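Notes to accompany the following structure.
Naming convention: chains lettered A, B, ... in sequence-line order (proteins, then strands); numbering from 1 in each chain. Just so we're clear, the structure is a prediction, and the values are computed from it rather than from any experiment.
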Amino acid sequence: MGQITLSGVTKRFGDVEVIPPLDLQIGDGEFVVFVGPSGCGKSTLLRLIAGLEDTSAGHISIDGRDATGLPPAKRGLAMVFQSYALYPHMTVRKNIAFPLRMAGMDKAEQDRRVEAAAKVLNLSSYLDRRPGQLSGGQRQRVAIGRAIVREPAAFLFDEPLSNLDAALRVGMRMEISELHEKLRTTMIYVTHDQVEAMTMADKIVVLNAGRIEQVGSPLELYRAPRNTFVAGFIGSPKMNLVTGPEAARFDAHTIGIRPEHIGVHPTMGDWRGVVGVSEHLGSDTFFHVHDTGLAPMMTVRAGGEVGLTHGDTVFLTPDATKIHRFDQNGIRL
Amino acid sequence: MGQITLSGVTKRFGDVEVIPPLDLQIGDGEFVVFVGPSGCGKSTLLRLIAGLEDTSAGHISIDGRDATGLPPAKRGLAMVFQSYALYPHMTVRKNIAFPLRMAGMDKAEQDRRVEAAAKVLNLSSYLDRRPGQLSGGQRQRVAIGRAIVREPAAFLFDEPLSNLDAALRVGMRMEISELHEKLRTTMIYVTHDQVEAMTMADKIVVLNAGRIEQVGSPLELYRAPRNTFVAGFIGSPKMNLVTGPEAARFDAHTIGIRPEHIGVHPTMGDWRGVVGVSEHLGSDTFFHVHDTGLAPMMTVRAGGEVGLTHGDTVFLTPDATKIHRFDQNGIRL
Amino acid sequence: MSTQASRSAARLMLSPAVLLLLVWMIVPLALTLWFSVQRYNLLTPDRSGFVWFANYAAFVTSPAFWLAILNTLLLVGGVLLITVTGGILIALLIDQPLWGQGVVRILVISPFFIMPPVAALIWKNMFFNPSNGLFAEALRGIGLAPFDFLGQAPLASIIVIVAWQWLPFATLILLTALQSLDSERLEAAEMDGANPWNRFRFIMLPHLARAITVVVLIQTIFLLGILVEILVTTNGGPGSESTTLTFLVYKEAILDSDVGTAAAGGVVAVILANIVAIFLMRAIGKNLDA
Amino acid sequence: MARAVSTQRKAVNTALAWGVALLIAFPILWTFLTSFKPEPQAVASPPVWFGFDWTVRNYVDVQRQRDYFDYFWNSVVLALGSTALGLVIAIPAAWSMAFVPGAKTKDLLMWMLSTKMMPGVAVLVPIYLVFVWLGLLDTRIGLVVVLMLINLPIIVWMLYTYFREIPGEILEAARMDGASLGREILYVLTPMAIPGIASTVLLNIILAWNEAFWTIVLTTTNAAPLTKFISGFSSPQGLFYAKLSAASTMAIAPILIMGWFSQKQLVRGLTFGAVK
Amino acid sequence: AQETTTITIATVNNGDMVRMQGLTDAFNEAHPDIELEWVTLEENTLRQNVTTDIATNGGQYDVITIGTYEVPIWGNQGWLAPLDDLPAEYDVDDLLPPIRAGLSVDGTLYAAPFYGESSFVMYRRDLAEAAGIAIPDQPTWEDIKAAAAAMNNPETGVHGICLRGKAGWGENMAFLTTMANSYGARWFDENWQPQLDSREWKAAITDYLELMTSYGPPGASSNGFNENLTLFQQGRCGMWIDATVAGSFVTDPNNSTVAEQVGFALAPDAGQGKRANWLWAWSLAVPASSDAPEAAKTFIAWATSKEYANLVAETEGWANVPPGTRTSLYENADYLAAAPFAQMTIDSINAADPNSPTVQPVPYTGVQFVAIPEFQGLGTTVGQEFSAALAGQKTVDEALASAQEIATQTMTEAGYIQQ
Ligand SMILES: Nc1ncnc2c1ncn2[C@@H]1O[C@H](COP(=O)(O)OP(=O)(O)OP(=O)(O)O)[C@@H](O)[C@H]1O
Ligand SMILES: Nc1ncnc2c1ncn2[C@@H]1O[C@H](COP(=O)(O)OP(=O)(O)OP(=O)(O)O)[C@@H](O)[C@H]1O
Ligand SMILES: [Mg+2]
Ligand SMILES: [Mg+2]
């Protein structure tokens, strides 16, 4: 239950090919995150799977059955939209029961399922409110509730947290992860926030302009990005990419080194530079180091509090074991 | 130029006292951030300074001159709104020139100043577009441009980044900081995002229900929060607060310890617990540890990648020098 | 939302409305076109036959034709001018804090509910009448001679009546638009040193552009067809002073019972109305794009 | 701008706004007042304001001449009937235009509106002939259809602008939840658009109630609404201001009262997409 | 029970018709099998609706109210059912001969007169007395002019004379055509050539404008019968030349402030042998398209009968009986006593001759109109010209010139004038 296979799936809007032919396997029970910059086709891909858009070519099969031509309701999938898409005129109870009602389920069974879902999501005391009377996080949970009751083969989430504020986002992220632990249903989750991708996914699919750049577990992507695009996309702050003689020293066209893999010392080290803006978060400090001759700016993370300020000279030393090497096409060597 | 003093400033909406009498000194050229939970009165305070709201009592002086009764335009301040409040029917050029035009400045001088501002903000190539044709970050910059051209005594920002997505937010944060470095004009910046507060401010003002909880530099607040409110508000993830016998051991009602100040070991340490959700960011890993008997959940940060998973038993050891102690009123001891 | 299935469903669901309107347009139009090349007078049914474009020629050369076009434009333009400016002013006024806002709004909106014949009758008899009308009384009250509004300024009087009927509509739409103006934008302008006039001129007025477009568009459609108000008050006169294109067609159709010429006139009127409409769309339609 | 507005300023606003509002509504108020005057006092010079011999004679006279309720009832049936029929046809059309827009959607809308630009008088004889052929003269159903067709473009436009504000995601959610197209419209779209539909309905009732060309031409007795009622009072012999006022009051009162009570609804929806 | 037949009656909204609606109980008692449905409209709307319906064979109406203008035209057209089988007790021969002539085509009656009227002069005896003048029973236009000048006193709100000025073939043109007739003018010569540019027309219109601009009320160009009636009832007019039916209104103390002061005189002349009085009858007819002609005729026979007159007299008094249709009414002493204007009315009616309305010969019938279908439109358009002249927007010459042009164009298009 919950295996999804895309083979040669293509989507064109008019003349524009938004998704070139694409193959992807999603295993039962996996938590797959589609990640990529804005406009790269994440939502489109999700909607193709949901059946809200027709594929221009290729096949989608769900649990081995060809679902390419099926209408959305017949695919056995549930979707949680970015805007939640709750029915504002129905109570929470009715919202959650709506798919059951549409399926013609009898009233008692509807109620039973709604109560169960509400319990899982801590919504029991809000069942008679309308969406308008709920906070953002609660709305989010109602949307999830509506998806859960149908016991779908897979959940589809389209940036479900992007409308929440930072604090709530962290909480909801956790709740969705816990839900996945509990239900073990396949989940496909779209985001452009790489922290979400890293913390939630079993498997991350990095998309760029409709093409898959890399598929793998978060740590695989962190440790071994297949190309500079993935390298730049995964990890925060961004990996420093260096070209030129210093890269050539490592036998590569480009080398990448993450801010957390660079040591900082006031007097000695490999590369010399000048401190620009520094961001003190208390727990960590990020320095922007200029004039290293490597790249316009190098970002460096120093644990805790460090006594360096704007204009100071520093020396940087990369952890040689953590250097990523790329050829002139940006492909990992 | 740019000294702002509030003395006994009070604001009531009808019977509700949103800001109880409040005193605050803002020095020339400072970057002051007002931070606090939603609804605590940050915007109101900013609007009082701007003159967009009347004070119910108290005085505001700008550069030593009493400005309490002055209309907004006369205070020499510029404001950047959360919604940007750009004029949608005017080009970027006209938007930026608007305050100059209103001041009756001659056309040539207007153009000169607009070009200069556009250069600073990297907007030169968009000057003839309308706001609707710009991305969020560009709009933000136009709004700032409109503020800059007036060469105000101080800038007021009301959550200028909250409409942007995470990636852009980081970039714009930096740009504003750099702008401040460059112009050295007083800036008052409202946010409820503590990362923004920490990274941008010279001085943070933590507000809670209209009262100032603490004023100080970011690191002062991080190191020595005056009470549990500030302690919980500053730092990410949140400080772990522990009450009960373990706190009493430290002679306090409550003790606080930040996730980054707790050591993790699979077999030995002070406190024993079970690993719940863990978030692997690559650079760091955050564990939620349950069943410690201290608090429902303790958050712990471990550098890099750690081989612990859900259900494992761990031992936690706090860095004793980094423990914060609070009395029963939540005040720092 | 664009699966093949939903697109065909959309076509299906659109079709009743489109077909009905098509029939509603085509059938009378076809008959009208047919009649317009026939000699067809209701009162002389025996004199009939195909006359080519004689009816068009008769209509276009009738002495009142050009005046009627001018009057139509004046009527539409005049009413639009009054309702839009009046609507903006009133909207600005009642958007301010004031006591009894609800009642004020009810009073302002009221003329919109009045059926055209009643509106025309009220104005004609109780206000414009030079002997018994209130205006005459008022003029007499301040020692002036009563003015014969419908005789001396027939078109202007009709414009007043029609503008009175449509003022609430314009006011309401403009008021809603005004209230949708983001207050931060006004505050920004205030911070930028704009005085109230400049805030109106540079911020509010451009914001209202779209609403004004809609008001102009909808009202034009209704105003081009104004008939009852003229019929009741001036009957197109004196002379042809208040004869509009629609009224001219009415005169042919009803007074002369000349269906042929009326049909020709109708076709001419439709063509002219569409020219006005196209002109309107071109000139201001871009405001309508979302 | 939440700065306190001085009481003085508010008083000035109030006075001004009331002045303007009373001026605008004055013809109606005056008509109402006149309807209670004896005929000679209705044309008295100088005009009498309140100090006249209040009487309901005019209403009695009017009612004696013509049974108001027949006309009233027809007006109600025509207004409601054409509105209901219009909604049934317009909601699916507006759904299509709003949620499955094509390149030609705007043009289609403009074309629909353009059908309103045909002067009624020009097609009077053709339509009359069609009605004769179909035996629809003086029938409510015939008038209901005509009024519906006249107002259909406006209904479609209003609904369209309203529907466009409803996020498509909600309808997609319903689709994912297994709702068929019909149920999607019935259970999700329509209830969500209630405010818009309500104001569309109100506007359409007003337009249908006040339509004064076809309702006069195509009816005689059975289907004759209040427009026909009033057209019999326009210039009888002798003094008639008071009776005319009474008849006018009777003709406009129902819709005026409905309008007053629902003005919030009406105003909220009356934007035609003029407000983004 | 019997089958009931429903007949739809289209009427104008004037007092006598409205009164008839109030009295239909009597008809229903006598004819329980006939149910009456009323459509009461303002004159122009009525004419428009009825014309459309009849011409398209719509069959909406069973009884229609039309005037002496329409009857001959429509009768000719075959649109009306002939009323040649009225019962004996109806007494067709009792109808006033000029009226009957006006409602017949080739001797066949096509409509039954409900009330008939001519026009005459109504004046304020009190004002005339105060001004020291007397208006003869058979005045000339010179008399009228002198009286208007004498009675005119705008400061006190009294205007010397009120005349129709509102455009319309049945409004200002009805009056102006009769005035022109008395000046020796005519619409057309024997070859249907329009004569509006003639000396006689110019004289008539010039005098009309002089009267109105010097002694008339303000805004006269929008005054029709009703407006003038209101003015006269309020005591604002010294004189008023208009329909004889007005006699009962201006002498009705309930509505008229000058009821006791009204004097009557025949319409004026200019010494040419024709007086400026018209002839009109609102009549009831049955359209050929009616599906209940028998019931309709039954109703008409009732509504225009002597019994109906008696019924009105019983319930509303003799003064309110529809005037101007039957000889017998004018032989009734009760009526003559109740209606001070009765004699003047019958004299006026009898003085009108629809078949020879003008000094010079004409090819048409009709006194204040030309009984051809085109006259409705033509008369109204020409009326607009004179109305404009009255409003001061045109000179007499301009108005007459464009009237002539319009008339020539109309008559040419309609085929009367062969080129
Ligand atoms: N209906 C449509 N017609 C034409 N182009 C479309 C349509 N929907 C999407 N696109 C285009 O397809 C591309 C992918 O869009 P999509 O919404 O899938 O991006 P996304 O990755 O979800 O972006 P975001 O992170 O901003 O949501 C974009 O370039 C977009 O402009
Ligand atoms: N015009 C007003 N009338 C009444 N109460 C108001 C008004 N404006 C703000 N308030 C109240 O004042 C309090 C402070 O509001 P304010 O907007 O300053 O909060 P904030 O700190 O900016 O919150 P947020 O982070 O959500 O923007 C809130 O409780 C709010 O409800
Ligand atoms: Mg997307
Ligand atoms: Mg705020």
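For chain D, the option among C:E137, C:E184, C:M25 with the highest count of heavy-atom pairs below 4.5 Å is C:E137. Interface summary for chain D: among C:L208, C:I218, C:L227, C:L167, the most heavy-atom pairs under 4.5 angstrom belong to C:I218. Annotation: maximal heavy-atom pairing with chain D below 4.5 Å, among C:V103, C:V27, C:T220, occurs at C:V103. Listed options C:V104, C:L231, C:L174 were ranked by heavy-atom pairs under 4.5 angstrom with chain D; first place goes to C:V104. Contact tally against chain C (heavy-atom pairs below 4.5 Å) for D:I252, D:L149, D:T115, D:I89: the top residue is D:L149. Between chain C and the options D:L203, D:V146, D:V125, the largest number of non-hydrogen pairs under 4.5 Å is found for D:V125. Of all the listed residues (C:G225, C:A263, C:P111), the one sharing the greatest number of non-hydrogen pairs under 4.5 Å with chain D is C:P111. Chosen from C:V249, C:L93, C:L31, C:V267, the residue pairing most often with chain D at heavy-atom distances under 4.5 Å is C:L93.
Distance check, rounded to the nearest 0.5 Å: NZ of D:K264 to CD1 of C:I106 gives 8.0 Å. Atom OG1 of C:T171 is separated from atom CD1 of D:I24 by 6.0 Å, given to the nearest 0.5 angstrom. Atom-to-atom distance recorded for C:L121:CG and D:S231:OG is 9.5 Å, nearest 0.5 angstrom. D:L207 contributes atom CG, which lies 12.0 Å from atom CE of C:M115 (distance to the nearest 0.5 angstrom). Atom OG1 of D:T249 and atom CD1 of C:I122 lie 7.5 Å apart (nearest 0.5 Å). Note that CD1 of C:I94 and OG1 of D:T14 are 12.5 Å apart. Values are rounded to the nearest 0.5 Å.
Residues satisfying the side-chain hydrogen bond (donor to acceptor under 3.5 Å, both in side chains) test with C:Q96, not counting sequence neighbours, are D:R9.
Across C:F127 and D:P27, no two heavy atoms sit closer than the pair CZ-CA, 3.6 Å. Summarising the geometry of C:P97 relative to D:K10, their closest heavy-atom pair is O-CG, 3.5 Å, with the distance given to 0.1 Å. Nearest heavy-atom pair across C:F113 and D:G259 is CZ-CA, 3.3 Å. The two atoms that bring D:A93 and C:A17 nearest to each other are CB-CB, 3.8 Å, heavy atoms only. The two atoms that bring D:A17 and C:L98 nearest to each other are CB-CD2, 3.4 Å, heavy atoms only. For the residue pair C:V228 and D:A212, the shortest heavy atom distance occurs at CG2-O, 3.9 Å.
In this structure, C:L22 and D:W111 have side chains that are in contact, with non-hydrogen atoms separated by less than 4.5 Å. In this structure the side chain of C:I221 reaches within 4.5 angstrom of the side chain of D:L113, judged on heavy atoms. Side-chain contact between C:F222 and D:I154 is present, with heavy atoms from C-beta onward closer than 4.5 Å. Within the 4.5 Å cutoff, no side-chain heavy atoms of D:N210 are placed close to those of C:I114. The shortest side-chain heavy-atom distance between D:M112 and C:V18 falls under the 4.5 Å cut-off. D:L124 is not listed as a side-chain neighbour of C:Y250, based on a closest heavy-atom distance of 4.5 Å or more. Side-chain atoms of C:M13 and D:I185, non-hydrogen and from C-beta on, do get closer than 4.5 Å to each other. Taking 4.5 Å as the limit, some side-chain heavy atom of D:L108 sits within range of a side-chain heavy atom of C:L14.
In this structure, chain C has a heavy atom under 4.5 Å from the side chain of D:I206, while its backbone stays farther away. Contacts of D:L16 with chain C are made by both backbone and side-chain atoms, with heavy-atom separations under 4.5 Å. In this structure, the portions of D:W209 lying under 4.5 Å from any heavy atom of chain C include both its backbone and its side chain. For a residue to count as touching a neighbouring chain, one of its non-hydrogen atoms must lie under 4.5 Å from one of that chain's; by this rule D:I127 touches chain C with the side chain only. Of the two parts of D:M148, only the side chain, counted from C-beta on, holds a non-hydrogen atom closer than 4.5 Å to a non-hydrogen atom of chain C. In this structure, chain C has heavy atoms under 4.5 Å from both the backbone and the side chain of D:L256. Interface remark: C:L29 contributes backbone and side-chain atoms alike to the contact with chain D (heavy atom separation under 4.5 Å). The parts of C:L21 that come within reach of chain D are both its backbone and its side chain, each placing non-hydrogen atoms under 4.5 angstrom from that chain. Residue C:L20 touches chain D through both its backbone and its side chain, counting heavy-atom pairs closer than 4.5 Å. Only the side chain of C:V259 comes within contact range of chain D, judged by heavy atoms closer than 4.5 Å. C:W123 touches chain D through its side chain: at least one heavy atom from C-beta onward sits under 4.5 Å away, while N, CA, C and O do not. Using a 4.5 Å cut-off between heavy atoms, D:A90 does not touch chain C at all. With a threshold of 4.5 angstrom between heavy atoms, D:L181 approaches chain C through side-chain atoms but not through N, CA, C or O. With a 4.5 angstrom heavy-atom cutoff, D:A247 does not touch chain C via any of its atoms. Proximity to chain C (any heavy atom under 4.5 Å) is shown, for D:T161, by neither the backbone nor the side chain.
Contacts classified as side chain to side chain donor-acceptor pair (under 3.5 Å) and involving residues 97-111 of chain C (residues at least two apart or in different chains) are given here: C:S110-D:W260.
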| Does the side-chain contact (heavy atoms from CB on, under 4.5 Å) test come out yes or no for C:W24 and D:L152, once each step is laid out? | CA-CA 11 Å; C:W24 173 242; D:L152 189 60; over 6 Å; no
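In terms of modelled atom types and a separation under 3.5 Å, the side chain of D:Y241 and the main chain of C:N125 share a donor-acceptor contact.
With a 6.0 Å radius and a threshold of 12 heavy atoms from other residues, nucleotides or ligands, D:F26 has its CZ atom above the threshold.
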